[in-house]
Every structure is written in C-alpha cells, then in structure tokens.
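Below is one structure, written out as structure tokens; comments come after it.
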Amino acid sequence: MDAHPATKESPRRDEGFFERVYEVVEQIPRGCVATYGQVAALMGAPRCARQVGYALHANPRPGIVPCHRVVFADGHICEGFAFGGAEAQRELLEAEGVAFKDDTHVDMKRSRWQAGL
DNA sequence: AACCTGACTTGCA
DNA sequence: ATGCAAGCCAGGT
C-alpha cells in the first residue's frame, strides 16, 4: 500500500561518494596517472571532479589509495596538498614510469590511464 | 534546512 | 603561456 516511497530514484546506494573515489583510484595501474575529472567520470560523476580531490584529501586509506597517481587536467600537481609535496609526487610518478613534459607537468598524452584498455 | 568551503575544470583577457 | 573568475557537486557545521 502506501507505495509512495517516491523521492527514491537516487542512483543506487551512494554509500559514500568518497568510497567510490577510492575504488576507482585504487584501480589505477602503475605507470599511469588519471585526472580528477577522469576518476569522477569513471565513477559516474563527471561533474564531481572537485569532490574527487576532496575525497583524496580525506584519504582514509593511505598506502592503499595511490592518490599520487591523480593529477590535475593539465597534468600538474597542487603543491602543498600532496602527502609530501608536488616535488616528491613527481619523483614518485617518474619512478613508476610516468612521462613528464616539464618539472611540474605530466605528459597526460603518454601516461593518461585509459580505463578498459 | 541553509550556508560555506573545497587535491577541479573550462573559458576569456 | 599566464592569470583571474565562474560554475558544479557533495560533505560538514
């Protein structure tokens, strides 16, 4: 009866928008990087790039969530917010085999993570 | 319920 | 190429 739950067409349980971000980021293969917008799109929220970064900031699972593999759309890293600094992050990515265009920019065209490929 | 902030993205000058 | 501003969405207070 009632049958009026209405207001429940939400997209599946969002048991934590953040949890979803970690799930995607954890799947990023080594030697590749993804942008916040890309991770957001993979989780079904191409407009939530900001929340992706916010979720990584919360990073409840350091060591499990390779937040260092997530960079801006330009391939540049935000200095001061990384776990040890954009510099350390750049070295880490480079050590994984990621190509760099500049000391502060990653070559997305070469190291962009292509999900499903 | 409302307001504010925030690891973003894109466009224009 | 660099700098500034506006837009969008979710979480916290």
Side-chain angles (χ1 to χ4, degrees):
Chain A
M1 317 254 243
D2 27 277
H4 261 149
T7 76
K8 204 58 174 300
E9 65 272 1
S10 223
R12 298 69 171 107
R13 58 180 133 168
D14 317 349
E15 257 215 49
F17 186 98
F18 285 38
E19 290 283 322
R20 259 174 117 182
V21 178
Y22 312 132
E23 295 271 313
V24 177
V25 176
E26 281 184 69
Q27 283 157 77
I28 299 175
R30 164 183 165 288
C32 291
V33 296
T35 70
Y36 295 95
Q38 178 150 9
V39 173
L42 290 171
M43 68 196 304
R47 262 79 179 162
C48 293
R50 230 178 201 179
Q51 268 43 279
V52 174
Y54 202 72
L56 290 176
H57 188 198
N59 199 2
R61 291 216 201 310
I64 306 176
V65 181
C67 43
H68 59 271
R69 281 186 194 145
V70 187
V71 297
F72 280 61
D74 293 350
H76 106 96
I77 304 156
C78 195
E79 189 183 313
F81 288 101
F83 52 94
E87 218 174 294
Q89 190 162 348
R90 177 180 127 283
E91 295 276 314
L92 188 57
L93 291 170
E94 189 176 59
E96 298 234 321
V98 177
F100 275 76
K101 242 176 163 185
D102 289 311
D103 293 350
T104 53
H105 288 79
V106 181
D107 193 336
M108 304 305 290
K109 193 166 69 182
R110 298 266 284 169
S111 304
R112 187 144 133 133
W113 172 42
Q114 291 164 181
L117 187 62

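Order of the sequence lines fixes the chain letters, A, B, ..., with proteins taken first and strands second; residue numbering starts at 1 for each chain. Values in this document were obtained by computation on a predicted structure and should not be read as measured data.
Nearest heavy atoms, A:A40 versus A:C48: CB-C, 3.9 Å. Across A:P66 and A:I64, no two heavy atoms sit closer than the pair CD-O, 3.2 Å. Across all non-hydrogen atoms, the minimal contact from A:V98 to A:C32 is CG2-N, 4.0 Å. The two atoms that bring A:L56 and A:N59 nearest to each other are O-CB, 2.8 Å, heavy atoms only.
Only at 4.0 angstrom or more do the heavy atoms of residues 22-32 of chain A sit from any atom of DNA chain B, so none qualifies. Of the residues in residues 33-47 of chain A, those lying under 4.0 Å from DNA chain B by heavy-atom distance are A:T35, A:Y36, A:G37. Taking a 4.0 Å limit (strictly below) on heavy-atom distances, residues 103-117 of chain A does not reach DNA chain B anywhere. Taking every heavy atom of residues 65-75 of chain A and every atom of DNA chain B, pairs under 4.0 Å involve A:C67, A:F72, A:A73, by number.
Between A:N59 atom CG and B:dA7 atom P there is a gap of 13 Å when expressed in whole angstrom units. Between the CZ atom of A:F17 and the P atom of B:dG6 there is a distance of 18 Å, given to the nearest Å. Distance, A:H57 NE2 to C:dG12 P: 13 Å, rounded to whole Å. Nucleotide B:dA7 holds its C1' atom 7 Å from the CG atom of A:L56, rounded to whole Å. Between the P atom of B:dA7 and the NE2 atom of A:H76 lies a distance of 12 Å, rounded to the nearest Å.
Under the rule for a ring-ring contact (aromatic ring centres under 6.0 Å, His included), A:Y22 has no partner lying at least two apart in sequence or in another chain. For the side-chain contact (heavy atoms from CB on, under 4.5 Å) test, residues two or more places apart in sequence or in another chain that qualify with A:A86 are A:I77, A:E79. Here A:A41 pairs with A:P46 under the side-chain contact (heavy atoms from CB on, under 4.5 Å) rule; sequence neighbours left out.
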Using a 3.5 Å cut-off and no angle test, enumerate the donor-acceptor pairs between side-chain atoms of residues 104-113 of chain A and protein atoms at least two apart in sequence or in another chain.
{"residue": "A:D107", "atom": "OD1", "partner": "A:K109", "partner atom": "N", "Å": "3.2"}
{"residue": "A:D107", "atom": "OD1", "partner": "A:R110", "partner atom": "N", "Å": "3.4"}
{"residue": "A:S111", "atom": "OG", "partner": "A:A99", "partner atom": "N", "Å": "2.9"}
{"residue": "A:R112", "atom": "NE", "partner": "A:Q38", "partner atom": "OE1", "Å": "3.2"}
{"residue": "A:R112", "atom": "NH1", "partner": "A:Q38", "partner atom": "OE1", "Å": "3.2"}

Return a table of donor-acceptor pairs under 3.5 angstrom between the side chains of residues 87-94 of chain A and protein atoms on other chains or two or more places apart.
{"residue": "A:Q89", "atom": "NE2", "partner": "A:H68", "partner atom": "O", "Å": "2.8"}
{"residue": "A:R90", "atom": "NE", "partner": "A:D103", "partner atom": "O", "Å": "3.3"}

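Under the 4.5 Å side-chain heavy-atom criterion for Ile, Leu, Val, Met, Phe, Trp and Tyr, A:F72 and A:M43 are members of the same hydrophobic cluster.
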Give me the distances for all protein-to-nucleotides 3-5 of chain B N/O pairs that come in under 3.5 Å?
none

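Aromatic ring orientation, A:H57 versus A:Y54: perpendicular (interplanar angle above 60°, classes split at 30° and 60°).
A:V25 has its side chain within reach of A:V39: a pair of non-hydrogen atoms, C-beta onward, lies under 4.5 Å apart. The closest side-chain heavy-atom distance from A:V70 to A:V33 is not below 4.5 Å.
Atom OH of A:Y36 sits about 8.0 Å away from atom SG of A:C67, to the nearest 0.5 Å.
Sequence neighbours left out, the pairs with a member in residues 57-74 of chain A that pass salt bridge (Lys or Arg N to Asp or Glu O under 4.0 Å) are A:R69-A:E96.
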